[in-house]
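Report on the following structure.
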Amino acid sequence: MKKFCFLTVLTVFLLSMIFSHAYAQKNPLAIFNLKATNIEAMGYNGEILHALISSIESDKNIDLMPRREIEEVLFKTGLVQDNTHEAVLTAGKALGITFVLFGEVTKRGSAILTKLSLMDIQNKGLVKNWELAFRDRDSILQKIPEFSRELSDILSNYKSGSGAASMESQPSTDVEYLNSKIEGDAVKLSWKLRTHKTSLSYHVYRAESKDGPYQFLGKTTDSFFQDLTVKKGLTYFYRIGIIAGT
């Protein structure tokens, strides 16, 4: 399970103000590309995926793994976004994520049929399956927010119910400190955790507002990271994803 911490770096004309505090991830979820099962469905799968991600990011009740990070991690490990159960479990474990939503889209006549499944990576089992039907693009935009709210409720209830034992078994990590320092045209981040766990790695994210969206910057096994892509006069928020090794 991931936990996040973020710190704010305000850089204006080389002046800095730094704040930090802990941030606990709510319901870590990765959404995989939806498979188009026929030519007619191509394009609709991307629209449904985009609408779903936008709705979840607006709702802010689910912490969504950034698409860029999903693609980068899977590329480095030689894995792909597939909708077979075995492939989802393997990829989900490599991502260090708790839940994966995946599925397929079929165009049959005027109906856009979508099958979605939620996989619990920790317990290696399906939480729920859905079968959704859309008439057109407007129907997708109208129905997806309702689905994302249902998904949020399921994840929240699952976390406090049948999935609690799996999540509580994860090693706890308390943040002792988070520091940031402006060095030339870069921001250097450093942190220390109170934990006996030694096999940890960290994912670094950045946004220009507190509520995101956060973009994946890189991965490190050290407790420091240097952001070389900052611009003066902007406010940056950082999140550090703590990933326990297996």
Side-chain angles (χ1 to χ4, degrees), residues 1-4 6 23-36 45-105 114-130 132 144 147-159 163 166-167 170 201-207 211-219 239-246:
M1 183 181 71
K2 290 185 181 179
K3 290 186 178 180
F4 286 104
F6 71 79
Y23 171 85
Q25 191 179 32
K26 301 171 185 175
N27 294 305
L29 172 72
I31 301 181
F32 283 5
N33 293 331
L34 303 180
K35 179 182 177 181
N45 57 333
E47 290 190 29
I48 294 170
L49 179 66
H50 178 73
L52 182 56
I53 292 174
S54 298
S55 180
I56 289 175
E57 288 179 342
S58 298
D59 188 50
K60 296 187 177 71
N61 285 324
I62 300 173
D63 276 325
L64 203 56
M65 191 173 194
R67 300 288 302 166
R68 179 182 171 187
E69 182 185 355
I70 293 174
E71 294 166 358
E72 181 168 331
V73 173
L74 294 185
F75 176 77
K76 289 180 178 179
T77 54
L79 299 173
V80 296
Q81 296 182 46
D82 199 348
N83 63 349
T84 63
H85 291 187
E86 183 179 354
V88 169
L89 285 171
T90 302
K93 184 177 180 180
L95 294 170
I97 205 72
T98 307
F99 298 101
V100 173
L101 185 70
F102 62 100
E104 62 183 34
V105 180
T114 305
K115 293 182 180 179
L116 297 172
S117 298
L118 181 65
M119 179 73 77
D120 176 355
I121 302 300
Q122 302 279 340
N123 293 323
K124 301 181 180 180
L126 288 174
V127 179
K128 186 171 180 178
N129 296 313
W130 291 267
L132 307 176
I144 283 297
F147 169 78
S148 67
R149 286 192 292 271
E150 179 184 352
L151 177 63
S152 176
D153 290 340
I154 288 174
L155 289 176
S156 297
N157 293 333
Y158 193 81
K159 184 174 182 179
S166 171
M167 294 186 184
Q170 298 297 312
S201 60
Y202 309 93
H203 288 186
V204 182
Y205 309 83
R206 189 186 71 191
D211 295 326
Y214 285 82
Q215 300 295 324
F216 178 67
L217 288 181
K219 180 179 179 180
R239 289 183 180 180
I240 311 300
I242 306 168
I243 305 174
T246 55

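Note that the CZ atom of Arg67 and the CD atom of Gln81 stand 5.0 Å from one another [nearest 0.5 Å]. Atom NZ of Lys35 sits about 11.5 Å away from atom NZ of Lys115, to the nearest 0.5 Å. Leu126 CG to Leu89 CG: the interatomic distance, rounded to the nearest 0.5 Å, is 8.5 Å. Remark: Asn129 CG to Met119 CE distance equals 9.0 Å, nearest 0.5 Å. Distance check: Ser148 OG to Glu57 CD gives 11.0 Å after rounding to the nearest 0.5 Å. Taking OG1 from Thr98 and CE from Met65, the interatomic distance works out to 10.5 Å, rounded to the nearest 0.5 Å.
Contact record, Ser152 with Ile62: CA-CD1, 3.7 Å, taken as the closest heavy-atom pair. Closest approach of Ala30 to Ile70, counting heavy atoms only: CB-CD1, 3.8 Å. For Ala91 against Leu79, the heavy-atom pair with the smallest separation is CA-CD1, 4.0 Å.
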Dump the intermediate steps for side chain to side chain contact (heavy atoms under 4.5 Å, CB included) on Ile121 and Phe99, then the final yes or no. CA-CA 6 Å; Ile121 302 300; Phe99 298 101; 6.0 Å; no
Applying side chain to side chain contact (heavy atoms under 4.5 Å, CB included) to Phe32 and Asp82, what does each step give before you reach the verdict? CA-CA 8 Å; Phe32 283 5; Asp82 199 348; over 6 Å; no
Audit row: Leu52, Leu34, side chain to side chain contact (heavy atoms under 4.5 Å, CB included) steps and yes/no: CA-CA 11 Å; Leu52 182 56; Leu34 303 180; 5.9 Å; no
Full working for side chain to side chain contact (heavy atoms under 4.5 Å, CB included) between Ile56 and Ile31: CA-CA 11 Å; Ile56 289 175; Ile31 301 181; 3.7 Å; yes
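When each of Asn33, Leu101, Val105, Ile144 is paired with Leu49, the side-chain contact (heavy atoms from CB on, under 4.5 Å) condition holds for Asn33 and for no other.
Val73 places none of its side-chain heavy atoms less than 4.5 Å from the side chain of Lys219. Within the 4.5 Å cutoff, side-chain heavy atoms of Leu29 are placed close to those of Leu151. Using a 4.5 Å cut-off on side-chain heavy atoms (C-beta onward), Lys124 and His85 make no contact.
With hydrogens and angles ignored, the 3.5 Å screen pairs no side-chain donor or acceptor of Ser55 with any backbone N or O of Ala51. Not one N or O on the side chain of Asn83 forms a donor-acceptor pair closer than 3.5 Å with the backbone of Phe102.
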